[in-house]
Amino acid sequence: MSDSSNLPKFKGTKLNFEAENGKKQYAHQGSYPGVFPFLSGPYPTMYTGRPWTVRQYAGFSTAQESNKFYLNAMKKGQRGLSIAFDLATHRGYDSDHPRVYGDVGMAGVAIDSIKDMDILFNEIDLGKVSVSMTMNGAVLPILGLFIASGIKQGVEVADLSGTIQNDILKEFMVRNTFIFNPQDSMRIISDIFGYTSKNMPKFNSISISGYHMQEAGASADIELAYTLADGIEYIKTGIKSGIPIDQFAPRLSFFWGISMDYITEVAKLRAGRYLWAKLVKKFNPQNEKSLLLRAHCQTSGWSLTAQQVQVNIGRVGLQALAAVHGHTQSLHTNSLDEAIALPSEYSSTIARNTQLLIQHETDSCQFIDPWYGSEVVEARTQELIEQALKLIEEVEEAGGMKEAIIKGIPQRRIEESSARIQAKIDRGDRPLFGVNKFVPTTPENIKVLSIDNEAVREGQIAQIKIIKSERDNKKVEELLKNITNAASDSSMNLLECHVAAALAGATVGEMTTALEEKFPRYNPPIRVVSGIYGSMMKENASQNENYKLCLKLMEDFETKFGRRPRILVAKMGQDGHDRGQKIISSALADLGMDVDVGPLFSTPEEVAKMAMENDVHLIGVSSLAGGHKSLVPKLMDDLKKIGQGSAKIIVGGVIPPEDYEGLYEQGVFAIFGPGTNITKATIEFMQKLLKD
């Protein structure tokens with residue numbers, strides 16, 4: 001371990017970002033692409049020499065089905081793979097685990113063992129194709145399986161190329177597909193840095209993600225600041241582990257969300273490169289590549305609407321252009337139907353072709369830096385630099401990002417930003433086509449992708465039984481024990497142990513359980529902000545009447561039943577995206593309800609028990625990953641078993657319109673999709689509740 005006293009100190013430090021020549025209006029101006037501090041791009045010729053990599057984040061159902069999708073996409077011009085794993089895999093469970101029966105294959109591909117990974121990359125040469133994997137919680141078994149699959153193909157480990165997300169800090173802030181606590185998780189990241197820096201020179205060992213912060217409601221300055229602060233924490237971790245900065249920093253990459261604010265997004269990517277180069281320079285790297293911020297971008301998921309879904313094509317196109325003009329190195333474009341279901345092959349083709357259209361039909365690849373010197377862009381860049389620096393200093397004063405997360409600082413700021421954005425949408429201050437502007441008068445019919453969760457799970461369970469019957473179980477047991485021992489022995493590399501276990505046929509769940517012997521599963525505290533949504537609605541003249549009506553309905557209910565209406569807002573299954581849950585909880589509390597917030601990753605049985613213990617009138621189920629068709633009926637059965645069948649169930653989130661009728665027939669009280677105005681929805685279900 002290195003002496004951490006030699007690391008740069010940011011606390012209370014004013015970072016000098018004055019322009020070297022002193023002639024520009026803004027301090028960040030005066031550099032060129034490929035030249036420190038890389039404001040205009042990491043490479044001298046940018047897209048005139050080589051365009052960005054077209055990626056499509058995809059994975060669904062089984063490895064067989066996903067493999068077919070990848071092979072087809074590559075034939076149509078996609079140059080890199082970006083793998084989406086299902087939530088059971090993210091959380092380190094095998095498909096046969098009872099906690100994940102509603103999650104298997106639903107929001108990504110189910111991967112349990114080397115058999116699945118081999119099928120996933122069938123006919124795909126891992127020595128030639130770059131593979132990006134969005135994985136954080138179960139990063140060790142998944143990366144171990146990927147390396148093992150490459151070895152089985154005959155590919156040298158040194159020739160494997162791609163990126164593993166491996167950004168656990170942002171999971172504790174927003175996405176929540178963590179498994180272990182922050183301290184143990186940082187040990188895992190350190191060991192991945194160590195293994196990849198030694199063995200995988202073409203592989204990016206981490207993709208530091210701001211995308212999920214934006215999806216959770218972070219403004220551009222917050223996304224920029226906390227993403228870079230995460231990166232600084234990872235650099236400190238690597239150095240403290242004894243790895244020279246130039247051995248791992250060149251393989252750090254970044255992942256940004258791109259929203260509808262075109263100018264801001266262009267400026268954000270420019271500000272990000274500038275700040276990263278300046279911040280990392282304080283660590284005194286000798287290799288200039290350590291200073292480069294290389295970016296992958298994805299168009300905004302939360303900005304897509306279930307209303308007038310065809311308009312989402314335009315949104316994605318504009319966002320893609322912002323990422324290109326901000327100089328991303330690779331790009332994923334979302335599909336038009338993602339606000340209501342998993343993307344279909346039809347919609348995915350449109351999304352991918354949007355990128356190819358920009359590459360081949362516009363002049364975006366003919367200019368090195370089209371926005372250089374723009375007064376508007378440069379002014380916005382400077383604003384973001386200054387705003388982000390203040391937030392970075394706040395994090396450093398808290399002791400770094402890991403300590404700031406434990407104290408809840410970034411979580412609170414993101415949740416406050418999210419509440420403000422939702423209030424602006426509900427007030428009509430932030431236009432959203434189809435939601436508060438140009439609202440359609442007739443429902444749309446669009447064919448969506450549907451996954452047979454039960455069939456996928458049964459197939460995965462059969463596959464698990466086969467591999468366990470074919471492998472050398474004694475050898476697997478020894479290698480799993482080796483993982484457990486490595487968890488408490490820093491001289492052993494955890495990833496190396498996982499590669500060996502993966503090759504022997506150990507499953508994702510078995511490897512995770514072996515780590516759990518020393519690294520117990522983490523259960524974070526539940527925090528929800530209050531006061532922001534209500535105050536903003538109260539202040540707005542057009543919404544004040546709705547706000548007052550909500551308060552009156554709460555009073556009417558209390559008069560009729562002797563207490564205020566009480567709701568449990570629950571998250572079932574392994575989906576950790578909790579923006580909806582937290583916004584709803586915060587808003588309903590501000591509108592006068594008693595609100596209980598259930599913990600993440602609950603089973604229907606656990607939610608039913610909480611509903612009984614808290615004696616709630618309503619249960620709000622937040623669903624984003626397609627689990628509503630299996631989890632909601634199970635919740636109803638569990639409520640009846642314990643005599644709590646009178647509790648009304650409200651379902652919200654990404655629910656295909658074709659599923660509404662079935663849910664209502666099963667007894668669901670109300671359903672609200674993306675873009676719902678919370679005050680209006682509250683009036684609707686409260687009036688119905690009072691009549692019931």
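Values below: every heavy atom of this structure, side chains too, minus hydrogens, waters and symmetry copies.
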Asks: Side chains of Tyr234 and Asn166: any donor to acceptor distance under 3.5 Å?
Replies: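 Tyr234 and Asn166 do not have a side-chain donor-acceptor pair below 3.5 Å.
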Asks: Taking the six-membered ring of Phe180 as reference, does the NZ or CZ atom of Arg521 fall below 6.0 Å from its centre and within a 45° cone about the axis?
Replies: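 No.
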Asks: Using a strict 4.0 Å threshold on nitrogen-to-oxygen distance, state whether Lys390 and Glu393 make a salt bridge.
Replies: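 The answer is no: the pair does not qualify as a salt bridge.
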Asks: Can you name the one residue among Leu169, Ile414, Asp221, Ile405 that meets side chain to side chain contact (heavy atoms under 4.5 Å, CB included) with Tyr226?
Replies: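 Among Leu169, Ile414, Asp221, Ile405, the one meeting side chain to side chain contact (heavy atoms under 4.5 Å, CB included) with Tyr226 is Ile414.
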Asks: Looking only at side-chain N and O atoms, does Asp337 offer a donor or acceptor that is under 3.5 Å from a partner on Ser347?
Replies: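 Yes, Asp337 and Ser347 have a side-chain donor paired with an acceptor closer than 3.5 Å.
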Asks: Does this structure show an ion pair linking Asp578 with Lys571, if we count only N-O contacts that are shorter than 4.0 Å?
Replies: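 No, no charged N to carboxylate O under 4.0 Å.
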Asks: Quickly, which of Val569, Ile567, Ile526, Val616 forms a side chain to side chain contact (heavy atoms under 4.5 Å, CB included) with Asp596? Name it, please.
Replies: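 With Asp596 as partner, side chain to side chain contact (heavy atoms under 4.5 Å, CB included) holds for just one option, Val616.
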Asks: Would you please classify the geometry between the His577 ring and the His212 ring as parallel, tilted or perpendicular, with 30° and 60° separating the classes?
Replies: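 Correct class here is tilted.
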Asks: Taking the ring centre of each residue, are Tyr664 and Phe669 less than 6.0 Å apart?
Replies: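 Ring centres of Phe669 and Tyr664 not closer than 6.0 Å.
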Asks: Can you find a side-chain donor-acceptor pair between Asn136 and Glu171 that sits under 3.5 Å?
Replies: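 Yes, Glu171 and Asn136 have a side-chain donor paired with an acceptor closer than 3.5 Å.
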Asks: Out of Ser585, Ser535, Ser530, which residue meets the side chain to side chain contact (heavy atoms under 4.5 Å, CB included) rule with Asp590?
Replies: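 Going through Ser585, Ser535, Ser530 one by one, the side chain to side chain contact (heavy atoms under 4.5 Å, CB included) with Asp590 is satisfied by Ser530 alone.
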Asks: Side chains of Gln165 and Ser209: donor-acceptor distance under 3.5 Å anywhere?
Replies: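 There is no such pair between these side chains.
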Asks: Between the side chains of Glu415 and Arg527, is the shortest nitrogen-to-carboxylate-oxygen separation below 4.0 Å, so that they form an ion pair?
Replies: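 Between Glu415 and Arg527 there is no salt bridge, as every charged N stays at least 4.0 Å from the carboxylate O atoms.
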Asks: Have Glu661 and Gln666 got a donor and an acceptor in their side chains that come within less than 3.5 Å?
Replies: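 Side-chain D/A pair, Glu661 to Gln666: absent.
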Asks: We want to know whether Arg315 and Thr305 form a side-chain donor-acceptor pair, criterion being a heavy-atom distance below 3.5 angstrom.
Replies: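 On atom types as modelled, these side chains qualify, holding a pair under 3.5 Å.
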Asks: Show, in sequence, the C-alpha distance, side-chain angles and deciding distance for Phe433 and Phe438, and conclude whether the ring-ring contact (aromatic ring centres under 6.0 Å, His included) test is met.
Replies: CA-CA 6 Å; Phe433 198 105; Phe438 311 109; 5.0 Å; yes
Asks: Between Arg99 and Glu606, is there a side-chain N and carboxylate O pair less than 4.0 Å apart?
Replies: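 Answer for the salt bridge query: yes.
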Asks: Quick one: do Arg175 and Glu215 make a salt bridge, cutoff under 4.0 Å?
Replies: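 No.
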Asks: Please check if any side-chain donor atom of Arg579 sits under 3.5 Å from a side-chain acceptor atom of Ser418, or the reverse.
Replies: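 Indeed, the side chains of Arg579 and Ser418 share at least one donor-acceptor pair under 3.5 Å.
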